[in-house]
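This report concerns only the one structure given below.
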Amino acid sequence: MRLVIALPYAWLGIFFLLPFGLVLAIALGSAAPDSAPPVTLGLSLKNFALLLSDDLYVAAWLGSLRIAATSTLAALLLGYPMAYAIARADPRWRPILLMAVILPFWTSFLIRVYAWMGLLASNGLVNQFLRWSGLVGDPGTILGTEWAIHLGIVYAYLPFMVLPLYAALEKLDGGLLEAAADLGANPVVAFLTVTLPLSLPGIVAGCLLVFIPAVGEFVIPDLLGGTGTLMIGKVLWDEFFLNADWPLAAAVAVCLLLLLLGPIALFQRQQARSLERP
Amino acid sequence: MTAAAIVTLTGLAKRFGSVTAVERVDLEIRRGELFALLGGSGCGKTTLLRMIAGFETPDQGRILIDGQDMTGVPPHRRPVNMMFQSYALFPHMDVAANVGYGLRRDGLPAPEIARRVGEALKQVRLGDLGERRPAQLSGGQRQRVALARALVKRPKLLLLDEPLAALDRKLREATRFELVRLQEELGLTFVMVTHDQEEAMSMASRLAVMDKGRIEQVGPPHEVYERPASRFVADFIGIANILPLDGGRAWLALRPEKIALFAARPDTDHAEQGRIVDIAYEGDRSLYRVGLLDGSLLQVSTANTARIAAAFRRGDDVWLGWAADAGHRLDK
Ligand SMILES: Nc1ncnc2c1ncn2[C@@H]1O[C@H](COP(=O)(O)OP(=O)(O)OP(=O)(O)O)[C@@H](O)[C@H]1O
Ligand SMILES: [Mg+2]
């Protein structure tokens, strides 16, 4: 019994607190390029001060937040109708449709992002189609732009948007929509006054589940975005591997965690509340 | 269509796959009446109500409301409000917002809405609960919120699907009078679905008895009780002894309270001899089952006007007597 209770704490201690302590300790030290590992421990806040004062880092932070926010919005606009359609579908079809949403997870994330590189390259399938259809004269290259990053994030995280939305919409009592219609609401008004507010928990959960990982996303901006892309995950990578400035990279990681603490806490509270009031 | 009709149903029919829910129903509901649709479970009462409200499309037939053909008119454009069996209160709105929902859809100004919501809540005696959420109410309070929400728009026609079914017996009986009072005070037309014949008899000005999707009989409660149109109706409404007539081609419906018990042969128009098989004491009355000489059973009820009633005991030989006009002849 004690063991069962101790297990999650041990897990948290070994896989979260311990590494986080290490990262924090490194962040407070300073770079020592000639030693291995390239860190001298200390108690200095200069790495954090640099992050806040250097325009490059601030721009990267803001860029991450902006791209994560617009991608989350796009995922919501795409995911809501999908979740709605699945929740309204014949009950026999729902498991199959849900399966289709989750199916991409069966292949590696990295491989799917590489596949997008092929699709979006200047001679990729997407451009070939655009040229063939004559919709766009010269489509340019999508790969390496912010469009490609958005596309990648929406594609990769859409299931995290659809599933909580589906859970909220599927619970919705159809009788409430009938009551709204009976009281004079046309279908659009009934949607806005009943369906939308009652699916709000799903909207909040879905948005946070997309937004939180998207802020720190590294693979997608690195592979699909151009060299000029400023997202904090990419900055972290560059500091660590290219500049071998471990303390600065660690400071970025700590800041990222602190920044996401707000949304994560919001998500937790929201989950707790929806458990209380089903 | 008569001038007084607010709803006219002609040849209305609805099937769900192989199930016929409603079959060729012709019915007129008059302005200002409290009309009850009565019938057993699954006989099509809810389906009929949902077709009037516009939630189901009839396969055949027409619905006129106030002289207007409702074919193709969506629910939100019908001059009808419905009180749902499950109440269907909006869980994310407080009581006042629930009640005011329909008025906001009509685009009334906010002060007017607040005034009418307050008025409606007072009518159903919920004056001070406007800020509660439905989850914070008792079953009886929820029922009254649902009623207020449907009443507040002053619809030409209010449809109520088993409005009292979810209440306990005491509350149900008190609420019956409340509903009738509101209906009369506001001068509205109510169509109420119920499977409780006592409820229908005590509340309705007229009622329809349904069986297997068809309407068996329509009329005021006393007429349906005293002159049932068929054996089904006689049996469904109250208790009836059904005796074969004319060698089994017709029947006589004889209510238990129309038969009297005697110790010796009475000089009533009809008299039969029998023995008491059992007695069900129900407080205000006792129901006797009497076995006749030919083996058939008749039910007789007597009012317990004296405190110590038991004039007859189980096993006693008794005489049953009734007047020539006590029964009602049934041809089907
Ligand atoms: N949406 C539906 N799909 C399939 N069958 C249905 C549907 N709605 C009703 N039915 C069937 O139609 C018949 C009539 O149903 P209805 O709900 O009108 O009965 P009811 O008289 O209201 O019964 P109750 O007193 O139990 O509420 C039933 O056999 C029912 O199973
Ligand atoms: Mg019903």
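These numbers come from a predicted model, not from an experiment. A note on names: the letters A, B, ... follow the listed sequences, proteins ahead of strands, and every chain is numbered from 1.
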Minimum heavy-atom separation for [X] to [Y], with atom names?
X	Y	value
A:V189	B:R105	CG1-NE, 3.3 Å
A:A179	B:R149	CB-NH2, 3.6 Å
B:L89	A:L176	O-CD2, 3.2 Å
B:A88	A:G175	CB-O, 3.8 Å
A:E178	B:F55	O-CZ, 3.3 Å
A:A190	B:Y101	CA-OH, 4.2 Å

May I ask you to check whether over 12 heavy atoms, not counting those of [X], lie within 6.0 Å of atom [atom1]?
X	atom1	value
B:Q136	CD	yes
B:E131	CD	no
B:R181	CZ	yes
A:R112	CZ	yes

Q) Would you find a donor on one side and an acceptor on the other, under 3.5 Å apart, between the side chain of B:H92 and the backbone of A:T193? A) yes

Name the region of [X], side chain, backbone, both or neither, that has any atom closer than 4.5 Å to a heavy atom of chain A.
X	answer
B:M83	neither
B:F84	side chain
B:R50	side chain

Q. Where on A:D182 is there a heavy atom nearer than 4.5 Å to chain B: the side chain, the backbone, both, or neither?
A. both

